[in-house]
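Read the structure below first, then the notes.
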Amino acid sequence: MTSNGLTSPAVTATGVPRPGGAGLLAGHTVSRVGYGAMQLERLRGDRAAAVSLLRRAIGLGVDHLDTAEFYGHGFVNEVIREAVEPGDGVVVVTKVGAEPDAQGPVPLRLAQRPEQLRAGVENNLRTLGTDRLAVVNVRRADIGPGLRAAGDQAVDLDDQLAVMTAMRDEGKIGAIGLSNVTLDDLHRALPAGIVCVQNAYSLVSRGDEDMLRLCAAEGIAWVPYFPLGSAFPGLPKVTDEPAVQAAARALGSTPAQVGLAWLLHHAPNVLLIPGTADTGHLEANIAVGALGLDEATLTELDAVPSRSLDLPLG
Ligand SMILES: NC(=O)c1ccc[n+]([C@@H]2O[C@H](COP(=O)([O-])OP(=O)(O)OC[C@H]3O[C@@H](n4cnc5c(N)ncnc54)[C@H](OP(=O)(O)O)[C@@H]3O)[C@@H](O)[C@H]2O)c1
């Protein structure tokens with residue numbers, strides 16, 4: 001607390017210095033280093049370990065979590081429900097646009113129609129155990145990586161925004177974000193009041209530079225998914241890049257840390273949500289908030305070629 005009794009933006013609700021400093025998300029101050037919870041699916045057989053990993057993240061100053069009801073068919077949301085305490089001041093961001101599909105070639109299928117987005121919000125409310133979701137991203141599927149919308153799943157963005165704004169008016173969701181969108185989609189959606197964009201983006205895949213700049217100009221958080229290139233084989237990995245490895249050697253850090261630190265330096269509206277099921281990696285990722293990159297290193301990293309992520313997954 002500050003001397004006037006207000007909470008300082010430099011620390012979390014529990015008084016922990018914010019890793020990466022303070023960022024803004026839907027009007028909330030959050031630490032710029034957050035946590036993407038998708039990898040917790042891998043701890044399905046050890047729920048206590050998943051809860052403990054989240055508690056460790058919060059203890060180190062993470063107060064922005066990214067999730068989805070379809071991560072482990074509710075498992076990840078239930079872990080968040082168990083791990084996060086009211087006084088932690090954690091902002092949980094979830095997404096709709098897909099649903100679990102246990103029998104499918106990948107464990108989820110698209111659920112893009114407006115009534116499916118509404119059902120997705122209800123499922124998130126139930127599994128997170130709340131009556132209001134702080135931020136919900138509409139996960140579109142017109143572009144890769146991942147599943148592509150076709151047939152009745154190819155839904156007009158305006159129809160999706162209509163149901164999302166209705167749910168915001170009803171108080172079920174606090175704010176609307178977009179995921180996996182084009183620059184044109186973002187321009188169309190701006191009047192609805194978009195608070196964050198979550199696209200696949202990293203040091204080695206920087207196809208959305210124009211959209212990142214538009215977000216910065218509009219006060220919209222840029223929350224890259226696959227910030228390290230993901231766990232999926234075939235997608236370009238930040239840690240494989242020779243310039244990243246060289247910078248890591250020079251700094252005495254790891255290549256993953258250099259890739260994440262580059263994102264924090266790249267634009268002030270970047271919020272990180274790296275995913276991990278490993279506590280050591282979690283601690284290393286949170287430590288990047290203190291990793292400085294000098295101008296020469298940034299110039300080397302900025303020169304790394306950008307590669308396409310427009311690939312099917314699974
Ligand atoms: N909107 C969307 O469509 C969408 C799609 C995918 C993901 N997401 C969100 O974005 C988050 C991040 O994406 P992601 O988890 O798929 O990919 P990512 O963060 O780019 O990479 C995760 C991979 O990197 C490894 N890793 C993490 N920290 C590391 C470190 N310090 N050193 C070495 N390896 C490390 C992890 O393995 P270990 O577990 O062994 O550390 C895992 O294999 C997700 O968790 C999810 O919340 C959103």
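Counting starts at 1 for both ligands and their atoms, in listed order. Note that these values count all heavy atoms, side chains included, but never hydrogens, waters or copies made by symmetry.
Between the side chain of Q257 and the main chain of A284, a donor-acceptor pair closer than 3.5 Å is present. The backbone N or O of Q198 sits less than 3.5 Å from a side-chain atom of S179, completing a donor-acceptor pair. Of the possible polar contacts, none joining the E300 side chain to the T297 backbone as a donor-acceptor pair under 3.5 Å is found. Checking side-chain atoms of D302 against main-chain N and O of T299 turns up no donor-acceptor pair under 3.5 Å.
Ligand 1 places these atoms under 4.0 Å from at least one heavy atom of S179: 1 (N), 2 (C), 3 (O). Close approach of ligand 1 to A256 (heavy-atom distance below 4.0 Å) involves ligand atoms 30 (C), 31 (N), 32 (N). Interface atoms of ligand 1 facing D66, defined by a heavy-atom separation under 4.0 Å, are 9 (C), 46 (C), 47 (O). The contact set between ligand 1 and R139, taken as ligand atoms under 4.0 Å from a residue heavy atom, comprises 2 (C), 3 (O). Of all atoms in ligand 1, listed by their number and element, those nearer than 4.0 Å to a heavy atom of G36 are 11 (C), 45 (O), 47 (O). Proximity to Y71 (heavy-atom distance under 4.0 Å) selects the following atoms of ligand 1: 4 (C), 7 (C), 8 (N), 9 (C), 46 (C), 47 (O), 48 (C). Taking every non-hydrogen atom of A37 and a distance limit under 4.0 Å, the qualifying atoms of ligand 1 come out as 45 (O), 47 (O). Proximity to P274 (heavy-atom distance under 4.0 Å) selects the following atoms of ligand 1: 19 (O).
For atom 44 (C) of ligand 1, the nearest protein heavy atom (residue, atom name, distance) is M38 CB, 3.6 Å. When hydrogens are left out, the protein atom nearest atom 31 (N) of ligand 1 is N285 OD1, 2.8 Å; that is the closest non-hydrogen contact. The nearest protein atom to atom 14 (P) of ligand 1, hydrogens excluded, is given as Q39 NE2, 3.6 Å; this is a heavy-atom distance. If you check which protein heavy atom lies closest to atom 24 (O) of ligand 1, you get L228 CD1, 3.9 Å. Nearest protein heavy-atom neighbour of atom 43 (O) of ligand 1: A231 CB, 3.2 Å. Nearest non-hydrogen protein atom to atom 19 (O) of ligand 1 is G275 N, 2.9 Å. Shortest contact from atom 38 (P) of ligand 1 to any protein heavy atom: T276 OG1, 3.4 Å. In this structure, the protein non-hydrogen atom closest to atom 13 (O) of ligand 1 is F226 N, 3.4 Å.
Residue contacts with ligand 1: R42 is placed with a nitrogen or oxygen under 3.5 Å of a nitrogen or oxygen of the ligand (distance criterion only). For ligand 1, the polar-atom distance check against T67 finds no nitrogen or oxygen pair separated by under 3.5 Å.
Not a single heavy atom of F232 sits closer than 4.0 Å to an atom of ligand 1. Residue contacts with ligand 1 leave out Q257, since none of its heavy atoms falls under 4.0 Å from the ligand. Using 4.0 Å as the threshold, T254 has no heavy atom nearer than that to any atom of ligand 1.
Note on R113 versus D159: no salt bridge recorded, every NZ/NE/NH1/NH2 to OD/OE distance being 4.0 Å or above. A salt bridge does not link E170 with R132: none of the charged nitrogens is closer than 4.0 Å to a carboxylate oxygen. Ion pairing of D158 with R188 is present here, as a side-chain N (NZ or NE/NH1/NH2) and a carboxylate O approach within less than 4.0 Å. The pair R213-E209 meets the salt-bridge criterion, with a side-chain N (NZ, NE, NH1 or NH2) lying under 4.0 Å from an Asp/Glu carboxylate O.
No hydrogens or angles considered: a donor-acceptor pair under 3.5 Å links the side chains of R18 and S31. Inspection of the Y225 and D66 side chains reveals no N or O donor paired with an N or O acceptor under 3.5 Å. No side-chain donor-acceptor contact under 3.5 Å links N180 and N199.
Across every non-hydrogen atom of R139 and P145, the tightest pair is NH2-O, 3.3 Å.
Taking all heavy atoms of K237, Q198, R140, E283 into account, the minimum distance to atom 1 (N) of ligand 1 is reached by Q198.
By the 6.0 Å contact criterion, CG on D131 is open, its count of non-hydrogen atoms from other residues, nucleotides or ligands being 12 or less.
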